[in-house]
Amino acid sequence: MKRYRSLNMIFLIIFIIGTAVCFKYLPSEIHLFMQSPPRWVFIGICFVILFALAIAAFFPHKISKNDNEVRNDSTLTVINFFGLGIFLFYFAAIARYCGMQMDCMKGIALIVGGLMVLVGNFLPQMPYRSRIGFKLPWILKDKLCWQKTHRFAGYTAIPFGIIQCLLALSVPNNNLVFFLGIGFWIIIVCIYSLITFYHNKGNFGKYKPSDSSGK
């Protein structure tokens with residue numbers, strides 16, 4: 001596992017070098033979706049996220065809140081996937097300003113779809129109340145709800161990730177691609193978690209210990 005801890009740090013170093021090389025080509029505002037953040041804001045946010053992930057990769061046990069090596073390996077893998085996603089998203093966004101002919105949004109949609117497929121393999125293994133995962137209030141209250149939700153999220157992330165990649169290659173409307181891919185996936189996972197929480201709560205009320213007197 002040690003050799004993978006520096007992966008996000010490598011991404012960060014390449015990020016800094018690449019930004020220095022491409023900076024003169026970047027406009028004052030970077031067009032993203034329906035917003036255009038200032039150049040320094042966009043660069044700064046991406047840098048902060050990559051820097052935080054690079055540091056977090058050295059302490060996976062703090063994030064997973066567990067000393068189990070398998071769980072820490074899974075946590076580190078997810079951190080590296082997030083770092084890879086931010087790294088590719090950043091350079092996909094600025095590529096067109098550096099003379100590379102490519103559809104930025106389609107590239108990002110493909111990256112996100114691919115990451116969904118990869119992350120789907122690790123979500124079912126996320127330990128209870130890990131810093132990575134779906135952190136809705138009702139999920140954090142119920143360990144069984146956490147386990148079921150992340151198992152469901154892992155199984156559904158893979159097909160939805162594939163769907164997003166296919167849509168990115170065939171549908172010209174990028175907003176529709178993101179909604180039918182990662183957007184719809186997040187919605188159904190949240191709904192499933194809420195249904196699971198109330199179902200578990202109802203079952204808990206049904207199976208109370210019987211009275212010792214036998215009545």
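Small disclaimer: the values here were computed from a predicted structure and weren't measured. Values reported hereafter were calculated over all heavy atoms of this structure, with side chains retained and with hydrogens, waters and symmetry mates removed.
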Enquirer: Output all residues satisfying side chain to side chain contact (heavy atoms under 4.5 Å, CB included) with Phe179, sequence neighbours left out; order by chain, then residue number.
Expert: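 Once residues adjacent in sequence are excluded, the partners of Phe179 under the side chain to side chain contact (heavy atoms under 4.5 Å, CB included) criterion are Ile187.
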
Enquirer: Hey, quick one: are Leu166 and Ile163 part of the same hydrophobic cluster, counting side-chain heavy atoms closer than 4.5 Å, chains of contacts allowed?
Expert: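 No.
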
Enquirer: Determine whether Ile188 and Phe184 satisfy the following criterion, side chain to side chain contact (heavy atoms under 4.5 Å, CB included), listing intermediate values before the conclusion.
Expert: CA-CA 6 Å; Ile188 66 167; Phe184 194 60; 3.9 Å; yes

Enquirer: Using links of under 4.5 Å between side-chain heavy atoms of ILVMFWY residues, direct or through other members, which residues join Leu110 in one cluster?
Expert: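 Once heavy-atom contacts under 4.5 Å are chained together, Leu110 belongs with Leu169.
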
Enquirer: Are Phe81 and Met9 connected into the same hydrophobic cluster when the rule is that any two of I, L, V, M, F, W, Y join if their side-chain heavy atoms are below 4.5 Å apart?
Expert: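 Yes; Phe81 is reachable from Met9 via cluster members.
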
Enquirer: Minimum heavy-atom separation for Gln164 to Gly181, with atom names?
Expert: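 Scanning both residues completely, I find the closest heavy atoms to be OE1-CA, 3.2 Å.
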
Enquirer: Could you walk me through whether Phe51 and Asn8 pass the side chain to side chain contact (heavy atoms under 4.5 Å, CB included) test, one step at a time?
Expert: CA-CA 8 Å; Phe51 180 77; Asn8 281 327; over 6 Å; no

Enquirer: Check Leu140 against Tyr128 and note the closest heavy-atom contact, atom names and distance.
Expert: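 Shortest heavy-atom separation between Leu140 and Tyr128 comes out as O-OH, 2.7 Å.
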
Enquirer: Working to the nearest 0.5 Å, report the span between NE2 of His199 and CG of Asp142.
Expert: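 One finds 11.5 Å between NE2 of His199 and CG of Asp142.
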
Enquirer: Over all heavy atoms of both residues, which pair between Ile79 and Leu53 is shortest? Give the atoms and the distance, please.
Expert: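 Looking at all heavy atoms of both residues, the closest pair is CG2-O, 3.6 Å.
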
Enquirer: Using every non-hydrogen atom in the two residues, find where Ser6 and Phe58 come nearest and quote the distance to one decimal.
Expert: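 Looking at all heavy atoms of both residues, the shortest contact is OG-CZ, 4.1 Å.
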
Enquirer: Mind listing the side-chain donor-acceptor pairs of residues 147-154 below 3.5 Å, one per line with the distance, residues two or more places apart or on another chain?
Expert:
| unit_1 | atom_1 | unit_2 | atom_2 | d |
| --- | --- | --- | --- | --- |
| Thr149 | OG1 | Cys145 | O | 2.7 |
| His150 | ND1 | Trp146 | O | 2.9 |
| His150 | NE2 | Phe134 | N | 3.0 |

Enquirer: Looking at Val177 and Ala109, what are the two nearest heavy atoms and their distance?
Expert: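 Residues Val177 and Ala109, closest heavy atoms: CG1-CB, 4.0 Å.
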
Enquirer: So do Leu12 and Phe47 actually touch side chain to side chain, heavy atoms under 4.5 Å?
Expert: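 The answer is yes; the side chains approach within 4.5 Å.
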
Enquirer: Go through the steps for Leu176 and Leu167 under the test side chain to side chain contact (heavy atoms under 4.5 Å, CB included), then give the verdict.
Expert: CA-CA 9 Å; Leu176 183 62; Leu167 289 174; over 6 Å; no

Enquirer: Grouping I, L, V, M, F, W and Y whenever their side-chain heavy atoms are under 4.5 Å apart, do Phe82 and Ile10 come out in a common cluster?
Expert: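 In one cluster: yes.
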
Enquirer: Indicate, with yes or no, if Ile195 and Ile186 share a hydrophobic cluster defined by side-chain heavy-atom contacts under 4.5 Å among Ile, Leu, Val, Met, Phe, Trp and Tyr.
Expert: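 Different hydrophobic clusters.
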
Enquirer: Would you mind listing every side-chain hydrogen bond (donor to acceptor under 3.5 Å, both in side chains) that reaches into residues 37-59, with sequence neighbours excluded?
Expert: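 Counting only pairs at least two positions apart or across chains, no side-chain hydrogen bond (donor to acceptor under 3.5 Å, both in side chains) contact touches residues 37-59.
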
Enquirer: Applying side-chain hydrogen bond (donor to acceptor under 3.5 Å, both in side chains), can you list everything that pairs with Ser193, at least two apart in sequence or on another chain?
Expert: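 Ser193: side-chain hydrogen bond (donor to acceptor under 3.5 Å, both in side chains) contacts with Trp138.
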
Enquirer: Grab the two heavy atoms, one from Phe160 and one from Leu180, that are nearest each other, plus how far apart they are.
Expert: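 Scanning both residues completely, I find the closest heavy atoms to be CD2-O, 3.6 Å.
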
Enquirer: Starting at CD1 of Ile86, measure out to CG of Leu50 and round the result to the nearest 0.5 Å.
Expert: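 Answer for the CD1-CG pair, Ile86 versus Leu50, is 6.5 Å.
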
Enquirer: List the residues meeting side chain to side chain contact (heavy atoms under 4.5 Å, CB included) with Leu88, not counting sequence neighbours, and say none if there are none.
Expert: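 Scan of Leu88 (side chain to side chain contact (heavy atoms under 4.5 Å, CB included), adjacent residues dropped) gives Leu84, Ile111.
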
Enquirer: Going by the rule side chain to side chain contact (heavy atoms under 4.5 Å, CB included), which residues pair with Val117 if we only count those two or more places apart in sequence or in a different chain?
Expert: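 In terms of side chain to side chain contact (heavy atoms under 4.5 Å, CB included), with neighbours along the sequence ignored, Val117 is linked to Ile158, Ile162.
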
Enquirer: Quick check for you: to the nearest 0.5 Å, what is the distance between Leu123 atom CG and Thr156 atom OG1?
Expert: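 Separation between the atoms: 8.5 Å.
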
Enquirer: Which donor-acceptor pairs under 3.5 Å do side chains of residues 14-30 form with protein atoms, sequence neighbours excluded?
Expert:
| unit_1 | atom_1 | unit_2 | atom_2 | d |
| --- | --- | --- | --- | --- |
| Thr19 | OG1 | Phe15 | O | 2.7 |
| Thr19 | OG1 | Tyr90 | OH | 2.7 |

Enquirer: Count I, L, V, M, F, W, Y as connected when their side-chain heavy atoms are under 4.5 Å apart, and connections chain through other members. Are Tyr97 and Ile43 then in the same cluster?
Expert: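 Linked, Tyr97 and Ile43 end up in one cluster.
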
